[in-house]
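Next up is a structure, given as structure tokens.
Chain A is the first sequence line, chain B the second, and so forth, proteins listed ahead of strands; every chain is numbered from 1.
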Amino acid sequence: MSRYNFKQTEAKWQAIWEDRGCFKAADAGVRPKYYVLEMFPYPSGRLHVGHVRNYAIGDVMARFKRAQGYNVLHPMGWDAFGLPAENAAIANKVHPAEWTRENIRIMGEQLRLVGMSYDWDREFATCSPDYYRHEQKMFLDFYEAGLAYRKEAWVNWDPVENTVLANEQVIDGRGWRSGAPVEKRKLSQWFLRITEYADDLLAAIEALNRWPDRVRLMQEKWIGRSVGAHMQFDLSGRDDRLEVFSTRPDTIFGATFCAISPDHPLTEALSADDSALADFVAECRRLGTSEEAIETAEKQGHDTGLRARHPFLADVELPVYVANFVLMEYGTGAIFGCPGHDQRDLDFVRKYGLPVIPVLWPPTARVLSDSEFAALPASDRARVDQSPHCTLDGLGEVFHITNTAYTNTTLPAYRYRLGALVDGQPLAVSDAKHRVIAALEDRGNGAAAVRYRLRDWGVSRQRYWGCPIPMIHCAACGVVPVPASDLPVELPMDVGFDKPGNPLAHHPTWKHVACPRCGGAAERETDTFDTFVESSWYFARFCSPTADKAFDRKAVDYWMPVDQYIGGIEHAVLHLLYSRFFTRALKKCGYLTVEEPFAGLMTQGMVVHETYSDPSGDWVYPEDVAMRDGVPVHAADAAPLTVGRLEKMSKSKKNAVGLENVVEEYGADTARLLLLSDSPPDRDLEWSDSGVEGAWRYLNRLWRLATEPKARLAGRDASMPNGLDQATGYAPAVSVWRLLHKTIAGVTEDLDRFHYNRAVARIREFTNALEGLDGDDDQAAWVRRAGLEAVTRLIGPIMPHLAEELWQRLGHDQPIAETAWPVADPALVVDETVTVAVQVNGKLRATIELPRDADKAAAEQAALEQDGVLRALDGKPVRKVIVVPNRVVNVVA
RNA sequence: GCGGUCGUGGCGGAAUUGGUAGACGCGCAGCGUUGAGGUCGCUGUCCUGGAAACAGGGUGGAAGUUCGAGUCUUCUCGACCGCACCA
């Protein structure tokens, strides 16, 4: 009994593919194009099997589509700028460029080792000036087009490292490395105007029907469109007016106070003369806005003493508070509070003794009678209706308050004023919204307005290992763009990491330049771009990776958009939203013609693995775990261990399985098979030793089936034996022959829909049938060969090395990588006879074999003759018989 | 709090989209091969009763629609994910 020698075979075929250029994409041609792309990796070190799943999923699609006759583009590159390289530089005294280059080398080798069918001619790294010079040009064009601008913004500032931190790098309010409490600082930063496209990005989600609903929903929520109104309140004793935003203008008659953010300009102005207010504001800032702080923090306010005049009721004045729950980042940083219909506002007024005035009663439309009103529970819950905020639609209705007892208020005027707008009749919330907005517009103190949660994208980073922002600061001329002819602005290589902060700012000469406008002394911008900028256009660069311009128009028009994009769900908003925006911005600046970069998206699940931890809570490698009396202990010191849950593979949890270990021991195809077959691609997959062995076992079964057939194999040129073309009768060879065609049809469909696990199950099922076919006649010999050849082609995308080797041994000269996908004969996919279930009152009582598409009467008659049916009927009269052709007969008694 | 996804054997998961629940694999058990272990081969494996034929039960729970529900509807319990003082 022989074993499959994966080592020799895998190296052999990788060399052949390379020599023959099997995976080179042509930038034109008669075949339809298909662009498959996996989210390109950050070169962080070595790959573990968890990383490979993403690439394996894409590789199956690429090989499958190639076999189906598409002109496939399947490239790979490196998202090479980023913080880890700088950290490595500080920790190991190695230059970020050097560290990155070495990781790219290692990871590139590893990807070749698992047989990914990339067009390596298109490889690039984003840290190369040949790449980022185009990015700098794009930024200049965006600046010109008003899509890039500079403004002061609040940022997370690490006072020890002297740098801005991204939100993700702030853990429990402290810098992730320094451990120092992070401060809020106002800094001048560069922004990209993504909000310009908020509406378009939102509306176009609708058409992304090959994206997961989950991702589409997340983007919708992230953009967060709210429709409502702006309204202005006159302030007593001041010239200013206070502008607020509300999605519920219909509740304006329930307003009992106004509140502004601690960061509101008015707050700032007032605290100059009010030290108590200044203290309150400082207290709010100290608490911060972390999730934890928000959950525990009480609603707090400080009465400014100002009074705001109600926009409709001239004699009603509302107290103006500075309140800790009002965010400057949303709306106008000021609100009116309607405690009757907003839980948060209610909490607030309970604390400060302000009145509650209900104005609507969802979901029924009505004017409440006095007795009904009195019966309302005096609860602490606001009656909030669930009207959507993204439109002016509403669910509930506004009512006219007639009850006097409930309006025990310092603002008695309300009781009768509501009628001015609603005519004393109940009014649908949506009508009330429109009516209030119309009235505001009439009076000139408000208007309809749309607001978004989405903020402009801050792209400045005080970091070295990134793309320099091509701008110059001149004392005389202000901000001056670097002339396009001076691009690229290259990162200097001679930098030191001994001082805290940005090495670019410390560099002795780099930042000093002559102003391009006036020629005077000026300084370069020392911030670099957020690395999400590089990943926002790399997919288009793959179309013409060596072009002088960012894109060769013909190539990018031919290939874009990406037909199938594959990556992790963690980029549902970040990278995927930035790229959608960037593509639109590039279109506006004339770079390309598409708007949506990714026509199809697949988000794959994580690869998880068991975890163990010791008594001190430290993680332990699975290979250091020994079982003693069924209890896991540390192999070295027998310390008892805790079995953790399945966690995403990572170095830090010590549960990552190195790719090379698996490839060394079992080969690339075994790893690929397990990664592709054990779970559906969009779900998590557990990597286990028994899973690896199971996959390895199947590879060997296939190997033996093809190289040591149990019985005679027909020659390559043998003609189809008589009778098989009709595929009639019940000979074992015939049923295997039919199953073969069903398998081809099923696998083709499964691969198209990413049902890889089912495709593998089908192939295994057919393998079982083929193994069981032991006749030595012409038909069996012929089916055996046809079956082997088909299986070999079907596993081609999944286990490409084994497939190639078997294909060659079956006598083929041309590699599978250049061989067309098998096609099922539709006549053989459907059986001549079908097994029909026979139920009595919905319970299965028998099955009958019937000719395909037998008429209903025949099916009914056959069903009623079954023993099981007669037994179940037990002489009861048949009331009705339902016949579903080729499926089921249900006898109702 | 709001929004979403999902609950099927010991485990990963199938189920032609309303029509024979548990394909395929892992694991487990028995037998064979082997000097032994592993490999490999065969057989069995949802639960209960039964030697078997067969009967009854069964897709987190409760109800409903239907000739028929894992699939649709409502409620409920649980797990996971996203957003969150968003006006």
Minimum-distance nucleotide to A:Lys299 side chain [options: B:U39, B:C85, B:U20] = B:C85
Residue-phosphate contact under 4.0 Å: A:Arg845 side-chain N/O, B:U20 OP1/OP2 |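 For B:U20, neither OP1 nor OP2 has a side-chain N or O of A:Arg845 closer than 4.0 Å.
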Under the salt bridge (Lys or Arg N to Asp or Glu O under 4.0 Å) test, residues paired with A:Lys351 that sit two or more places apart =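 Expected list: A:Glu298.
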Classify the nucleic acid contact of A:Val244 as base, sugar-phosphate or nothing, counting any heavy atom under 4.0 Å across all strands shown.
->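 Nothing, no nucleic acid heavy atom in range.
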So, is A:Arg683 close to the B:C81 phosphate, meaning a side-chain N or O under 4.0 Å from OP1 or OP2?
->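 For A:Arg683, the contact criterion (side-chain N or O under 4.0 Å from OP1 or OP2 of B:C81) is not met.
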When we call it a touch if two heavy atoms are under 4.0 Å apart, what does A:Asn890 touch: a base, just sugar-phosphate, or nothing?
-> base
Using only side-chain N and O atoms of A:Lys843, determine if any of them is under 4.0 Å from OP1 or OP2 of B:G57.
-> yes
Remember a base hit wins even if backbone is also touched, and classify A:Ser246 as base, sugar-phosphate or nothing at under 4.0 Å, heavy atoms.
->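 Touches sugar-phosphate only.
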Between B:A14 and A:Asn757, is there an OP1 or OP2 to side-chain N/O distance shorter than 4.0 Å?
-> yes
B:G25 and B:A14: how far apart are their P atoms, nearest whole angstrom?
-> 15 Å
Any A:Arg887 side-chain nitrogen or oxygen under 4.0 Å from OP1 or OP2 of B:G68 =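 Answer no for this pair, as no side-chain N or O of A:Arg887 is under 4.0 Å from OP1 or OP2.
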Enumerate the residues from residues 860-869 of chain A whose closest heavy atom to RNA chain B is under 4.0 Å, giving them by residue number; use none for an empty result.
-> none
Polar atoms only, N or O, under 3.5 Å: list the protein pairs with nucleotides 25-30 of chain B and their distances.
residue	atom	partner	partner atom	Å
B:G25	OP1	A:Asn768	ND2	3.2
B:C26	OP1	A:Arg697	NH2	2.8
B:C26	O2'	A:Ser690	OG	3.3
B:G27	OP2	A:Arg697	NH2	3.1

